[in-house]
Amino acid sequence: MTAADLDLPLIASGKVRELYDLDDRLLLVASDRISTYDVVHPNGIPDKGKVLTGISVFWFDKTAHIIPNHYISATDGVPDKVRGRAMVVKKLTMLPVECVVRGYITGSGWKDYQATGRVSGIQLPPGLRESEKLPAPIFTPSTKADEGHDEPIDLERAAEILGDRELAGRLRDVSIALYSHAAGLAAERGVILADTKFEFGIDEADPARPLVLGDEVLTPDSSRYWPVEGYEPGHGQPSFDKQYVRDWASSTGWDKAPPAPEIPADVVAGTRARYVEAYELITGEPFDGWLSRTS
Ligand SMILES: C[C@H](c1ccccc1)n1cc(-c2ncnc(N)c2C#N)cn1
């Protein structure tokens, strides 16, 4: 799988996304690439990029009353080659802190809790079970690591990195407000939003230099979504979108080290179906609607 290879200056590329320069704006492109256990598979999932982009656009609309965001358009200025899986966005000065909010204790947070009783310096009640809902959502920021995993930090360290204690507090408050609003809407649709990661920037083109929500937002790649049906604390929960491919990957005996195995056609089809189902559950709209709006 290669990058979208557009005739535009490539600014950044991640495992599954690319960022291109449009002079005073940027083009954020989501590929169909999929990674499991942090390793990208050689073949992708058709329409994964379109599902994730459609979900981001949905959440940008649903959260604009909480904080402005960088989204401009999924059509005007988007090359035909990536229509539906790309967004034109405002060019921001991104802040060097990943804003993670957890409503449930799982993943790396569960490991930290088991070891210390805390997550990112936040003391939690004793006796929590894996995947249990927390008494209240917690802000557990991390630094952006170039390679490997991001390092969890506490609010004080985030303030030091930002050089601005008030801004760190604002990131906490806005991140928790965004998570809580989204988790409430998701719950109405029978989906648990367990945790998510936001990235923010400053819009220097605005004299007020406002804080703006950037990156992708509340997608299955930046969040953990669990079906309410079958939810049970005490163990890990199935990922709404990736469990199907993870279970297959585990069944192959793959040692989780690169290179990742090629995904067979039936697992590709099943995984695509899960992504489309995630889009339709989260947005309440048929996926075909997104495809027709952006074709
Ligand atoms: C982490 C992410 C990334 C995306 C795609 C591929 C690799 C990394 N990224 C986003 C920006 C960025 N920079 C300036 N203005 C913006 N509006 C954004 C956004 N979103 C820089 N990096």
Side-chain angles (χ1 to χ4, degrees), residues 1-35 38-40 44 48-61 63-64 66-79 81-101 141-153 158 161-162 167 171 174-175 178 182 195-206 208-223:
M1 294 285 294
T2 58
D5 196 20
L6 298 174
D7 189 18
L8 292 168
L10 180 66
I11 289 184
S13 66
K15 286 199 217 60
V16 296
R17 298 181 301 160
E18 294 97 36
L19 192 66
Y20 294 90
D21 194 13
L22 295 174
D23 294 332
D24 62 336
R25 297 169 175 185
L26 297 173
L27 186 71
L28 185 52
V29 179
S31 77
D32 287 344
R33 297 191 297 273
I34 187 167
S35 69
D38 283 333
V39 185
V40 177
K48 174 176 179 277
K50 290 182 178 177
V51 164
L52 296 191
T53 301
I55 290 174
S56 274
V57 170
F58 169 81
W59 284 119
F60 281 132
D61 177 61
T63 60
I66 297 173
I67 186 166
N69 58 67
H70 69 161
Y71 174 66
I72 294 174
S73 176
T75 51
D76 298 347
V78 176
K81 185 175 181 181
V82 292
R83 286 291 287 265
R85 62 182 183 93
M87 300 183 284
V88 176
V89 299
K90 293 178 181 177
K91 194 175 271 188
L92 304 175
T93 301
M94 299 307 284
L95 298 174
V97 171
E98 308 257 341
C99 294
V100 177
V101 179
S142 57
T143 54
K144 297 184 184 179
D146 290 337
E147 292 297 325
H149 289 283
D150 299 333
E151 177 206 338
I153 54 176
I161 291 170
L162 294 165
L167 178 58
L171 289 179
V174 169
S175 297
L178 287 167
D195 55 36
T196 196
K197 178 179 74 176
F198 300 114
E199 292 205 31
F200 297 89
I202 303 297
D203 182 359
E204 308 283 5
D206 180 332
R209 299 185 74 248
L211 183 67
V212 174
L213 177 62
D215 203 8
E216 62 183 313
V217 64
L218 293 154
T219 70
D221 271 9
S222 65
S223 316

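We count ligands from 1, going down the list as the structure has it; atoms in each ligand are counted the same way. In what follows, residues are counted from 1 in the order of the sequence shown. Fair warning: this is a prediction, and the values are worked out from it, not measured in the lab.
Distances below 4.0 Å separate heavy atoms of Gly14 from the following atoms of ligand 1: 6 (C), 7 (C). Every atom of ligand 1 is numbered from 1 in the order shown, and the set under 4.0 Å from a heavy atom of Val89 is 17 (N). Residue His70 approaches ligand 1 through these ligand atoms, each under 4.0 Å from one of its heavy atoms: 17 (N), 19 (C), 20 (N).
Within the 4.5 Å cutoff, side-chain heavy atoms of Val97 are placed close to those of Ile161.
From Lys90, atom NZ reaches atom CG of Asp206 across 7.5 Å, with rounding to the nearest 0.5 Å. Between Leu178 atom CG and Asn69 atom CG the span is 9.5 Å, to the nearest 0.5 Å. Interatomic distance, Glu98 CD to Ser142 OG, rounded to the nearest 0.5 Å: 4.5 Å.
Salt-bridge check for Arg17 with Asp215: passed, with a basic side-chain N closer than 4.0 Å to an acidic carboxylate O. A salt bridge is defined here as a Lys NZ or Arg NE, NH1 or NH2 lying under 4.0 Å from an Asp or Glu carboxylate O, and Asp23 with Lys91 fails to meet this definition. For the pair Lys48 and Asp221, the salt-bridge criterion is met [side-chain N within less than 4.0 Å of a carboxylate O].
In terms of protein heavy atoms, atom 15 (N) of ligand 1 is closest to Leu92 N, 2.9 Å. Distance from atom 8 (C) of ligand 1 to its nearest protein heavy atom, with residue and atom name: Ala12 CB, 4.1 Å. Counting protein heavy atoms only, atom 5 (C) of ligand 1 is closest to Leu28 CD1, 3.6 Å. Among all protein heavy atoms, the one lying closest to atom 21 (C) of ligand 1 is Leu19 CD2, 3.4 Å.
For CZ of Arg83, the number of neighbouring non-hydrogen atoms (other residues, nucleotides, ligands) closer than 6.0 Å is greater than 12.
Checked against a 3.5 angstrom limit, the closest N/O atoms of Asp215 and ligand 1 fall inside it. Between Lys90 and ligand 1, an N or O atom pair is found at a separation short of 3.5 Å.
The heavy atom nearest to atom 16 (C) of ligand 1, out of those in Ile202, Val29, Leu26, is found in Leu26. Nearest-heavy-atom check against atom 18 (C) of ligand 1 across Met94, Glu199, Arg17 picks out Met94.
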